[in-house]
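Written below as structure tokens is the structure these notes are about.
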Amino acid sequence: TGVSYDFNVLYFAYPNSDSALSYDFTEFTFGLGYENYGFSISNTEDYFAGSGAATYYNLSADFAINDMWSFGAAIGKQSVEDNVAWGTPDWVDYKVAFSASFESVDVEFAFIDTDLSETECFGGSDWCDGTFVLTLSKSL
């Protein structure tokens with residue numbers, strides 16, 4: 001039918017951190033797909049560093065170029081209840097990527113960026129700048 005769904009529960013643990021920093025949190029994700037398109041929503045009531053509730057929405061699409069190569073794009077929106085505790089305002093991120101499979105090896109070349117300026121990014125960090133990412137993976 002072309003319809004897919006996914007549900008995940010993730011627990012993020014920082015075992016050597018001071019518990020007063022409130023780094024550990026649990027996140028629930030529900031995803032829904034139809035053919036080449038996907039939508040997911042992730043939510044936690046107690047995000048990293050005591051920044052409160054947080055929700056992440058993501059839309060994605062993937063298209064075959066030929067038998068080996070494909071093109072994908074995604075856009076996401078992160079909302080955090082206490083932006084001061086988290087260190088940045090809410091943001092939008094996006095990714096555009098080309099990927100291919102060669103026998104049991106997958107390769108992806110992507111550009112990933114956010115809409116945060118350097119001054120908005122954790123008080124003056126370049127962590128939120130756009131970057132190219134090359135990913136190689138092998139299935140066993």
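For the pair F12 and E27, the minimum side-chain heavy-atom distance is below 4.5 Å. Using a 4.5 Å heavy-atom cutoff, the side chains of Y57 and T55 are in contact. For the pair V9/T26, a side-chain contact is recorded, criterion being any heavy-atom separation below 4.5 Å from C-beta on.
A donor-acceptor pair shorter than 3.5 Å cannot be found between the side chains of N58 and S40.
Of all the heavy atoms in D113 and C128, the pair that sits closest is OD1-O, 3.5 Å. Closest approach of F122 to T88, counting heavy atoms only: N-CG2, 3.3 Å. Taking every heavy atom of both residues into account, D62 and G72 meet most closely at OD1-CA, 3.3 Å.
Evaluation of the salt bridge (Lys or Arg N to Asp or Glu O under 4.0 Å) rule for E108 yields K95 as partners, not counting sequence neighbours. Listed by chain and number, the residues in a side chain to side chain contact (heavy atoms under 4.5 Å, CB included) with V133 are I112, T131, T135 (sequence neighbours excluded). Looking at residues two or more places apart in sequence or on another chain, you find no side chain to side chain contact (heavy atoms under 4.5 Å, CB included) involving E35.
Atom CZ in F30 sits 8.5 Å away from atom CG in D6 (nearest 0.5 Å). In this structure, the separation between CZ on F25 and OG1 on T44 is 6.0 Å, given to the nearest 0.5 Å.
With D46 contributing its side chain and G52 its backbone, the two residues share no donor-acceptor pair below 3.5 Å.
Of the residues Y14, Y11, Y47, W86, the one that meets the ring-ring contact (aromatic ring centres under 6.0 Å, His included) test with Y23 is Y14.
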